[in-house]
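Let me begin by presenting the structure, written as structure tokens, before commenting on it.
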Amino acid sequence: MEDLFGNNYPSSSKNLYADIILPVPIPLTFTYSVGPEIQEEIGIGYRVMVQFGRKRILTGIVAKVHQKAPEAYKAKPILDLLDDYPIVNALQIKFWGWLASYYCCHIGEVMNAALPSGLKLSTESKVQMHPDFELENPGYPMDERELLILETLEKKEEVNVDQLESVVPAKDLHKIIKSLLGKKAILVYESVKEKYSPKVEVRVRLAPEYLSDSNKLNELFEGVKGKEKQENVLLKFLQQVPIFKNAQLNEEGLSKKILTDSGCSPSSIDTLVKNKVLQSFKVKISRFALIQVDDKPIELSEVQKDAYDAVQKEFTSKATVLLHGITGSGKTEIYIKLIMEVLESGSQVLLLLPEIALTTHLVARLQKVFGDKMGVFHSKYSDNERVEIWQGVLSGKYNFIIGVRSSLFLPFDSLGLVIVDEEHEPSYKQYDPAPRFHARDAAIMMAWLHQAKTVLGTATPAFETFYNAQNDKYGYVRMDKRYGDAELPHFHLADILKDKKKNLLKLDFTRLMREKIQEALNHQEQVLIFQNRRGYAPYISCDECGWIPECEHCDVSLTYHQYQEELRCHYCGFKDKVPIKCQACGSSKITTVGSGTERIEENLSLLFPEARILRMDLDTTRSKYGYQKILEEFGSGNVDILVGTQMITKGLDFDRVSLVGIVDADRILFYPDFRSGERAFQQITQVAGRAGRRNVTGNVVIQTRRPDQLIFKQIISGNYNDFYQQEMGERRQFYYPPFVKNIKIVTKHKDFKTAETAAIQLKNLLSDIEGRKIILGPEKALIGKIKNLFLFEIWIKLEKNANTQERFKQEMVRIISELQGDKRFRSVRFLIDVDPY
DNA sequence: AGCACGCCGACT
DNA sequence: GTCGGCGTGCTC
């Protein structure tokens, strides 16, 4: 409505408030008042700028709009509305709330994890001289440094705080600015700047008048006759953009870069633009190259078709289906078929993959099928790229996202299907920072919010998942035939101790392993060697007294890195020189103990000097494309042996691998954790799955000191169910998940005693909470000190009852915040990990 | 978390 | 005397 003076007021101005989620670790939303200018627009999911505390200006997300004025305080006003449309939808806000409550963290922490930092805003403090202030007549005495700043400000309109650091030392700057503020000599204000800058391309097109009138075009060519450069530009343009065939094409234009790349000079293009022959314009472009779509229909085999039908059938009664298909059974095709179906119905699809699987051929394969409708969300991408994917989901450009854990936070509004591939992967659980969520479980929740379906795919289901399938909570589809009927590999157990006694163990390799490798090499077949430990040697030790160098800040031994000739702590990055003498007894007999991938690689080159060997671990794949390079190299057949960590279990699908060797199975098996058996089964089965080809049976050699272990029999027979049954017996007996719900609490403090006391106190308080439970500890954590902070752990086992769990968590959070109020424990950090891994 | 306020020790 | 250490309290 317009008043007499032409001012515009919202028709129904009222007292409106908004609850804002702010990126701070406080378990609340904050109520701000909504000014009349933005009352019409504001809504859930919009970004706003607010002042928080005395100094800070933050970006927040509107969680709720209402008219209830807060009673205890006066709400501050929202400073600014940042968007024309909500950047986060209501389902996401619900999802955030669920994560915060289920995983016992603050909603601000969820917000921090969810939004790419390009969508949070950067506040840059700017300084300017106070309009009423006169340097000649200051009104207050000014010291020298204050005058320096004022002089700088007089020269320029506005200055960034950090620019003043050149005038006055940074550490004093704050004080001086504060003092100047007090003297009303300057103003400090925040200017908000979007960090996100879309990538733009400059394009040119022909001015429209030439399009409709062919005479004009002829005239044009007459006109440029003799002006060779310009003529060239026009010809190249028409060659690239055949406007005679399709006039529409002119609208899209042609990238200026294409013209300059084909030999046109930029200046001649500019001249044509200046003469209004060409028009120059800018378009936002995606950072991802378009890939040709392969429109061949995918063909499912009989087995795949059956499995696909079975999944669909399960979906009629269950929202979540476990697709239990052994390695090489062809789950990917089933995914593709399911995805296509959902996309055609107009819904969105999310495919989650573990980090390391995201650089493999699976992505390329899917990209071939889905082209640029598919967005890839990777953790190695820059923030700009993440924002682009975010906007792409928002605008509907991407209906299908394939990505890591954090792609769960993208602004989907109509998911129809979520697929969690390699569902058993422990890396789906986030530990640091909060929210400590499991992507598989969160995905199921997310799907539920959208009334969508979930497929959990794996060759070796997590016990929790299989348990749910057994109890009819999830649907279950099994595929136990390898694609193309490839045979399962032969397993061999090699006894490390026996060989050692007979002096047959050479450089970590048993005779059997060496023979099998030689055999494969003779047949020109490829070999994978698995060692789940990177670096050269895990530690060094004194032969005389057993002394082992340890980190000064952490409770771990230092790892020996041969390449840099140094000892390094994998927890805090501490580095030390390699000692020449034992610091305990003075002996100079210091040797390396154990083997990492680096040493295995070296050993192999000594044992098989003629073989071409490559190593794949965190150290050799650190660069953006390091991983792909190694895979390509191996795939090309120029490599005989690939040594690597977990990584080699993912995405390798090479026809020429006939042997898989596991250097030290015990390392996987005897990890002090109730899941070690499950994990060993998964890992060994996964690596073993890489062995074998269409018509030659593969071999798997497992080196161990305990070949009698039952688990090996079960792995070898591939009998997941037997293994599951037996392990579950133990889990039931000793109260482990899935029979109980686990919560781990870690106390962290620089003082050992304080960390311990806090944990003891907490345990006592927790014991009084109602409900059936077992509380273990506190115990010093496996690694008792990291970065000079001591760690204590409490493990809670709760009965399987949603109400008990809910109540327990609520009480627990209350107790912890009370405990933090105690001045002894003020600086103790309490980390809550629900469903720890 | 981050930031201010306030209360103590060791310096020009 | 003040600079700066960090313990304490609060943020709509």
Sequence-distant partners of [X], salt bridge (charged side-chain N to carboxylate O under 4.0 Å, His left out), two or more places apart:
{"X": "A:Asp19", "answer": "none"}
{"X": "A:Glu109", "answer": "none"}
{"X": "A:Arg436", "answer": "none"}
{"X": "A:Lys773", "answer": "none"}

[N] [atom2] sits how many Å from [X] [atom1], rounded?
{"X": "A:His749", "N": "C:dG7", "atom1": "NE2", "atom2": "C1'", "answer": "12 Å"}
{"X": "A:Lys750", "N": "C:dG7", "atom1": "NZ", "atom2": "C1'", "answer": "10 Å"}
{"X": "A:Phe825", "N": "C:dT8", "atom1": "CZ", "atom2": "P", "answer": "13 Å"}
{"X": "A:Asp19", "N": "C:dT11", "atom1": "CG", "atom2": "P", "answer": "16 Å"}
{"X": "A:Leu22", "N": "C:dC10", "atom1": "CG", "atom2": "C1'", "answer": "14 Å"}
{"X": "A:Ile21", "N": "C:dC12", "atom1": "CD1", "atom2": "C1'", "answer": "14 Å"}
{"X": "A:Gln820", "N": "C:dG9", "atom1": "CD", "atom2": "P", "answer": "13 Å"}
{"X": "A:Met49", "N": "C:dC12", "atom1": "CE", "atom2": "P", "answer": "14 Å"}

### Query
Which residue pairs pass the ring-ring contact (aromatic ring centres under 6.0 Å, His included) test when at least one of the two sits in residues 67-90 of chain A, sequence neighbours left out?
none
With 3.5 Å as the limit, what N/O pairs link the protein to nucleotides 1-3 of chain B?
{"residue": "B:dG2", "atom": "O4'", "partner": "A:Arg56", "partner atom": "NH1", "Å": "3.4"}

### Task
Look at A:Arg824 together with A:Asp822 and state whether they make a salt bridge at an N to O cut-off of under 4.0 Å.
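Salt bridge between A:Arg824 and A:Asp822, a charged N being under 4.0 Å from a carboxylate O: yes.
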### Query
Is the base of C:dC12 touched by the side chain of A:Tyr73 through a donor-acceptor pair closer than 3.5 angstrom?
yes
